[in-house]
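What follows is one structure encoded as structure tokens, with my remarks underneath.
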Amino acid sequence: MIEFKNVSKVYPNGTVALKNVNFKIERGEFVFIVGSSGSGKSTLLKTIFREELPTKGSITINDFNLNDMDKKEIPYFRRTMGIVFQDFRLIPTMSVYDNVAFAMRVIGASENEIRKRVPYVLSLVGLSSKARELPEKISGGEQQRAALARALVNNADVIIADEPTGNIDPEMSIDIVNLLNRINENGTTVIMVTHEHELVKKYNHRLICIDDGEIVSDIPKGAQNNNIIYRKKNDEEICRQKILSNYKKDKKSSVPVNKDIEKMNKEEKKKIIDKALSGTFELENDYSKYLEDGEK
Ligand code: ADP
């Protein structure tokens, strides 16, 4: 279980990257994290794997309290996490096999264990036939599969993927998310940052949206629907959850009619989003007029 309680992060230069973030991720969940560039996604991931410490608040990951961790514990904690980056970060001079084996060697696994485990993990990601290739000789999608194998090889409890599909073509992206799904079905928690709107819609996993360091919505698995509109701004996906401006007033709700959500403050926005999701009020059916060109 991953729990953030009132977590804020202020970098030494004064940038506030996370503001009072609260959430809980249970073991075995698959969570997408979306947000525009600079909204705090990487900082959030970095605080999860303890590359950064929060300025305020507490982070608990399984049995580890990240605020108050003995230095000796850090390597043990990190072994419970597998991390996948957008740019793969494979060692260019090592074969696919050796890149994966290296992750086991650094934690002191025996050659015997390595010989058994690496081929198995490579077969899980469909790379057995490329084991002896150098990263530059295989495609981007294959390199990402190798990186995924490396993240999995030490039996991580949590896989953290920071835009893992950012550098690969759309077909391969689906491949990678399908693999992450399979890993997740076997009980591993998966947290994936993405800009890819289509992937988020396709899988309907839990979706946490972050904007300007704050969590602006946390949509449970299976609950995404047309109530949530993604807009494109300057060609960049943003996660501002645009609940329609013309919602209908429900008798039970105190929501004002015809008020544009973009003009609301954060508290008001959150209330509206929560109400829309819980079905407290109805939204207008014709969503398309609120979408920008290219999304209709
Ligand atoms: P994202 O991953 O969503 O693009 P980041 O977490 O990288 O967002 O950044 C959030 C904010 O924190 C941005 O304003 C960014 O410029 C700032 N930031 C990130 N890392 C540092 C750092 N090491 N020092 C100072 N500011 C940083």
Side-chain angles (χ1 to χ4, degrees), residues 2-25 29-59 61 66-67 69 74 78 81-89 144 147-148 151 158-168 173 176-177 180 189-201 203 205-219 224 228-242 262 265-266 269-270 273:
I2 298 175
E3 186 167 21
F4 273 54
K5 274 193 196 157
N6 307 321
V7 171
S8 296
K9 173 72 192 177
V10 184
Y11 283 110
N13 68 358
T15 305
V16 181
L18 296 176
K19 297 178 196 162
N20 199 32
V21 168
N22 286 284
F23 62 82
K24 222 187 234 186
I25 296 174
E29 277 196 83
F30 191 129
V31 184
F32 281 130
I33 297 181
V34 297
S36 54
S37 179
S39 59
K41 304 177 302 295
S42 302
T43 303
L44 183 71
L45 295 187
K46 284 179 184 166
T47 57
I48 294 179
F49 55 82
R50 209 183 179 278
E51 192 173 308
E52 293 287 351
L53 276 171
T55 317
K56 260 201 222 150
S58 71
I59 304 177
I61 300 187
L66 268 54
N67 301 65
M69 192 184 271
I74 297 175
R78 292 247 171 86
M81 310 242 145
I83 306 169
V84 179
F85 300 95
Q86 181 174 3
D87 55 359
F88 324 129
R89 304 201 190 173
Q144 194 56 299
L148 199 50
V158 183
I159 296 286
I160 309 237
D162 192 357
E163 295 203 41
T165 60
N167 278 332
I168 52 188
S173 299
I176 292 291
V177 186
L180 286 168
T189 309
V190 176
I191 302 175
M192 171 171 161
V193 161
T194 183
H195 268 100
E196 286 171 73
H197 185 177
E198 285 308 313
L199 285 179
V200 169
K201 280 208 295 208
Y203 292 96
H205 291 306
R206 177 173 170 190
L207 174 63
I208 292 181
C209 301
I210 179 167
D211 187 21
D212 201 13
E214 282 183 88
I215 294 199
V216 291
S217 85
D218 185 346
I219 302 163
Q224 290 174 46
I228 309 295
I229 307 287
Y230 297 87
R231 289 173 73 210
K232 277 191 170 170
K233 199 178 191 180
N234 303 330
D235 241 353
E236 186 184 2
E237 300 292 349
I238 62 166
C239 81
R240 196 176 294 280
Q241 298 69 51
K242 175 114 173 123
E262 291 295 329
N265 68 34
K266 290 224 158 95
K269 255 190 237 175
K270 189 168 181 312
I273 289 164

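One-based numbering, in listed order, for ligands and for the atoms of each. Just so you know, these numbers use all the heavy atoms, side chains as well, and skip hydrogens, waters and symmetry mates.
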Specify the protein heavy atom at minimum distance from atom 26 (N) of ligand 1: its residue, its atom name, and the distance to 0.1 Å. Tyr11 CD1, 3.3 Å
Looking only at heavy atoms, what is the nearest atom pair of Ile48 and Leu66, with distance? O-CD2, 3.5 Å
Short N/O distance, under 3.5 Å, between Ser39 and ligand 1? yes
Considering non-hydrogen atoms of the protein only, which is the closest contact for atom 17 (C) of ligand 1, and what is the distance? Thr15 CG2, 3.6 Å
Minimal non-hydrogen separation, Pro164 against Ala161, with atom names: CG-CB, 3.6 Å
Across all chains, not counting sequence neighbours, the salt bridge (charged side-chain N to carboxylate O under 4.0 Å, His left out) partners of Glu163 are none
What are the atoms of ligand 1, with element, lying closer than 4.0 Å to any heavy atom of Ser37? 4 (O)
Atom 15 (C) of ligand 1: protein heavy atom closer than 4.0 Å? no
Any donor-acceptor N or O pair under 3.5 Å, side chains Thr43, Glu52: no
N/O of Ala17 under 3.5 Å from N/O of ligand 1, yes or no? no
In ligand 1, which numbered atoms sit nearer than 4.0 Å to a non-hydrogen atom of Lys41? 1 (P), 2 (O), 3 (O), 4 (O), 6 (O), 8 (O)
Can a cation-pi geometry be assigned to Lys201 and Tyr203, taking NZ or CZ under 6.0 Å from the six-membered ring centre and within 45° of the ring axis? no
Who's the nearest protein heavy-atom neighbour of atom 8 (O) of ligand 1, and how far? Gly40 N, 3.1 Å
If the cut-off is 4.0 Å to any non-hydrogen atom of Asn13, which atoms of ligand 1 fall inside it? 25 (C), 26 (N)
Evaluate the ring planes of Phe30 and Phe32, with Trp represented by its six-membered ring, and classify them as parallel (under 30°), tilted (30 to 60°) or perpendicular (over 60°). perpendicular
Which of these, Ile215, Ile210, Val200, sits in a side-chain contact (heavy atoms from CB on, under 4.5 Å) with Ile33? Ile210
Which heavy atom of the protein is the closest neighbour of atom 6 (O) of ligand 1, given with residue, atom name and distance? Thr43 OG1, 2.5 Å
Tell me which protein heavy atom sits closest to atom 10 (C) of ligand 1, plus the residue, atom name and distance to 0.1 Å. Gly38 O, 3.4 Å
Please could you name the atoms of ligand 1 that Ser36 approaches to less than 4.0 Å, counting only its heavy atoms? 3 (O)
Proximity of Pro12 to ligand 1 by residue part, where a heavy atom lies under 4.0 Å: neither
Please enumerate all residues that pass side-chain hydrogen bond (donor to acceptor under 3.5 Å, both in side chains) together with Asn22, with sequence neighbours excluded. Asn6
Minimum-distance pair of heavy atoms, taken over all atoms of Asn67 and Gly57: ND2-O, 2.7 Å
Provide, to 0.1 Å, the distance between atom 7 (O) of ligand 1 and the closest protein heavy atom, together with that atom's residue and name. Ser42 CB, 3.7 Å
